[in-house]
Amino acid sequence: MAAGKGTEKAPLLQNERVRFIFCFLGVFVCYFYYGILQETITRGKYGEGDTQEKFRYATTLVFIQCIINAAFAKCLIQCFERPRSDHTKSWLYGLCSLSYLGAMVSSNSALQYVNYPTQVLGKSCKPIPVMLLGVTILRKKYPMAKYLCVLLIVSGVALFLYKPNKGAAAADEHPFGFGEVLLLLSLTMDGLTGVAQDHMRGRYQTSPNHMMLNINLWSTLVLGIGILWTGEVWEFLSFTDRYPSILYNILLFGLTSALGQSFIFMTVVYFGPLTCSIVTTTRKFFTILGSVLLFGNVITGMQWIGTVLVFLGLGLDAKFGKTPKKTTH
C-alpha cells in the first residue's frame, strides 16, 4: 500500500502495525502490575497474630474498579476526543456489561466444582467462542489461517499453564458436570460480549472510550445493586476502617485496571474482539512466562511445547491471518 507522493505523512499511531504493538504493550504492562496488585490485595493477610484477616470482598473491589474505569474513560473523552455524539444503543452496552459480568462470575464459580487445569483450559479457549459466534451471528468470515492460528495459540497457552491437580479428590466430591456447564456459560458470555462489541464497532463506529465508559457505567449499576442487596459494601467499609493502608493498593489497582481496559477497548475498536481476545490470552501466557524466567523456575517439556505453539501461532497470524479489509461507503 504505497502512499501517493502528495499524501500527507500519517501520524505514528495511524500505522496499523505500530498501533497494534502500542495496544499489545499497553495491555501487557498494565495488567502485569494489575495482577501483582490483585494478588497483594486478595491474598494478603491483614492484622497481627491470631487476629489476622483475609480480604473477602471481591464484588465490591470490582465495583470500585468499574467506577474508576468509567471516570477514567470520561476524562479521556473530555480531554482527547473531538466532540461527537455517540449513537450506540444503550441496550447493547447493557448486554456487554451483563455478559462480561456473567463470564467473570461463572468462571470464578466454576473453580468450586472443577480442578485448576479444567478451568485454565476453559479460560484459555476464549478466542474460540468469539470467533464461532462472530461467524454464526454476525456472518463474519475469517481466513482459514486465522482458525489455525487461534487453535495453536489456545493450545499453547493451555499446555503451558496446565498443572497436575494435587487436590483431585476434593474436586471429585462435587456433582460431576456442573463446573463444566459454568465454564461453557462463561465462554458463551465471552462470545456474546465479542458479538455485541463487533456490532457496535461495525454499525455505530463506537469509539474505545465511549465503549469503556458506558459498559462500566452499566456494570457499576448492576454491581452496586448486588453489593447493597447482600450488604457486602458495609462489611468492606468496616474492613477498610480497620486497615486503611489497603486503600492505597485499591486505588492503584483501579488505575492500572482503567489504563489496561482503555488499551483493551482500543484493541477491540481498531482490530476487533477476536484479535483482542488473542492479545489478552497471549498476555496471560507472557505474564506467566516472564515470572518463570525472572524467578528462575524450571520449564517442563510440556511448557516448552506450549511456548513453541504460541510463538508459532502468533507468527503465522501476523503473516497469514489478516482478514481482507471491507470497503466502506
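Basis for what follows: all heavy atoms, side chains included, without hydrogens, waters or symmetry-related copies.
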Problem set entry | Ile41 backbone acceptor or donor facing Asn249 side chain under 3.5 Å | no
Problem set entry | Interatomic distance, Ile227 atom CD1 to Thr59 atom OG1 [nearest 0.5 angstrom] | 8.0 Å
Exercise. Which pair of non-hydrogen atoms, one from Cys96 and one from Met200, has the smallest distance, and what is that distance?
Worked result: SG-CE, 3.4 Å
Exercise. Do you know which two heavy atoms are closest between Trp218 and Gly94, and how far apart they sit?
Worked result: CD2-CA, 3.5 Å
Exercise. Does any N or O in the side chain of Arg19 come within less than 3.5 Å of the main-chain N or O of Tyr270, such that one atom is a donor and the other an acceptor?
Worked result: no
Exercise. Are Ile77 and Ile68 grouped together when hydrophobic residues (ILVMFWY) are joined by side-chain heavy atoms under 4.5 angstrom apart?
Worked result: no
Exercise. Same cluster or not: are Val62 and Leu98 linked, directly or through other Ile, Leu, Val, Met, Phe, Trp or Tyr residues, by side-chain heavy atoms under 4.5 angstrom apart?
Worked result: yes
For this session: Return the orientation label for the Phe24 and Phe28 ring planes: parallel under 30°, perpendicular over 60°, tilted otherwise.
Result: parallel
Seminar exercise, completed: Minimal heavy-atom distance between Thr193 and Ser99, with the atoms involved, is OG1-OG, 2.6 Å
Exercise. So which heavy atom on Tyr34 is nearest to which on Ser257, and how close?
Worked result: CE1-CB, 3.6 Å
Exercise. Do any N or O atoms from the side chain of Thr267 and from the backbone of Phe263 form a donor-acceptor pair under 3.5 angstrom?
Worked result: yes
Exercise. Do the side chains of Leu252 and Tyr248 get nearer than 4.5 Å, heavy atoms only?
Worked result: yes
Exercise. For the residue pair Leu95 and Ala196, what are the closest heavy atoms and their distance?
Worked result: CD2-CB, 4.2 Å
Problem set entry | Straight-line distance of Tyr31 OH to Leu259 CG, nearest 0.5 Å | 9.5 Å
Exercise. Hey, what do you get for CG (Leu101) to OG (Ser106), rounding to the nearest 0.5 Å?
Worked result: 10.5 Å
Problem set entry | Phe20 side chain near Thr275 side chain, heavy-atom distance below 4.5 Å | yes
Problem set entry | Asp198 side-chain N/O to Gly194 backbone N/O, donor-acceptor pair under 3.5 Å | no
Exercise. Side chain of Thr136, backbone of Leu132: donor and acceptor closer than 3.5 Å?
Worked result: yes
Exercise. Should the heavy atoms of other residues, nucleotides or ligands under 6.0 Å from CZ of Arg242 be counted, would the total exceed 12?
Worked result: yes
For this session: Before giving the answer on side chain to side chain contact (heavy atoms under 4.5 Å, CB included), spell out for Ile137 and His199 the whole-Å C-alpha distance, their side-chain angles and the decisive distance to 0.1 Å.
Result: CA-CA 10 Å; Ile137 296 178; His199 182 68; over 6 Å; no
Problem set entry | Criterion side chain to side chain contact (heavy atoms under 4.5 Å, CB included) on Cys276 and Phe271, from CA distance to verdict | CA-CA 7 Å; Cys276 183; Phe271 302 100; over 6 Å; no
Exercise. Quick one: CG on Leu213 to OG on Ser262, what's the gap to the nearest 0.5 Å?
Worked result: 12.5 Å
Exercise. Between Phe239 and Glu53, is a side chain to side chain contact (heavy atoms under 4.5 Å, CB included) present by the stated rule, with each step listed?
Worked result: CA-CA 9 Å; Phe239 185 88; Glu53 297 180 64; 4.0 Å; yes
Problem set entry | Atom OH of Tyr204 with >12 non-hydrogen neighbours under 6.0 angstrom | yes
For this session: Consider only side-chain N and O atoms of Gln261 and Asn216, and report whether a donor and an acceptor are under 3.5 Å apart.
Result: yes
For this session: Please report the shortest heavy-atom distance between Gly102 and Met189, naming the atom on each side.
Result: C-CG, 4.1 Å
Exercise. Would you say the side-chain atoms of Thr88 and Asp86 include a donor-acceptor pair closer than 3.5 Å?
Worked result: yes
Exercise. Judged by atom type as modelled, is there a donor-acceptor pair below 3.5 Å linking the side chain of Thr256 to the main-chain atoms of Phe253?
Worked result: yes
For this session: Check whether any side-chain heavy atom of Leu223 sits under 4.5 Å from a side-chain heavy atom of Cys66, and report yes or no.
Result: yes
Exercise. From Asn69 CG over to Ile64 CD1, what is the distance, rounded to the nearest 0.5 angstrom?
Worked result: 12.0 Å
Problem set entry | Cluster check Leu217, Ile264: I/L/V/M/F/W/Y, side chain < 4.5 angstrom | no
Problem set entry | Phe265 vs Ile215, side chain to side chain contact (heavy atoms under 4.5 Å, CB included): CA-CA, chis, key distance, verdict | CA-CA 10 Å; Phe265 282 111; Ile215 289 174; 3.7 Å; yes
Seminar exercise, completed: Students should find that the hydrophobic cluster of Leu221, defined by side-chain heavy atoms under 4.5 Å apart, otherwise consists of Ile225
Exercise. Does the ring center of Phe55 lie less than 6.0 Å from the ring center of Tyr57?
Worked result: yes
Exercise. Can you check whether Trp234 reaches Leu228 side chain to side chain, under 4.5 Å on heavy atoms?
Worked result: yes
Exercise. Is there a side-chain contact between Val222 and Phe63 (heavy atoms, below 4.5 Å)?
Worked result: no
Problem set entry | Result of checking Met211, His87, Met212 against Thr206 for side chain to side chain contact (heavy atoms under 4.5 Å, CB included) | Met211
Exercise. Are the side chain of Tyr46 and the backbone of Thr240 linked by a donor-acceptor contact shorter than 3.5 Å?
Worked result: no
Exercise. Between CE of Met266 and CG of Asn209, what distance do you get to the nearest 0.5 Å?
Worked result: 7.0 Å
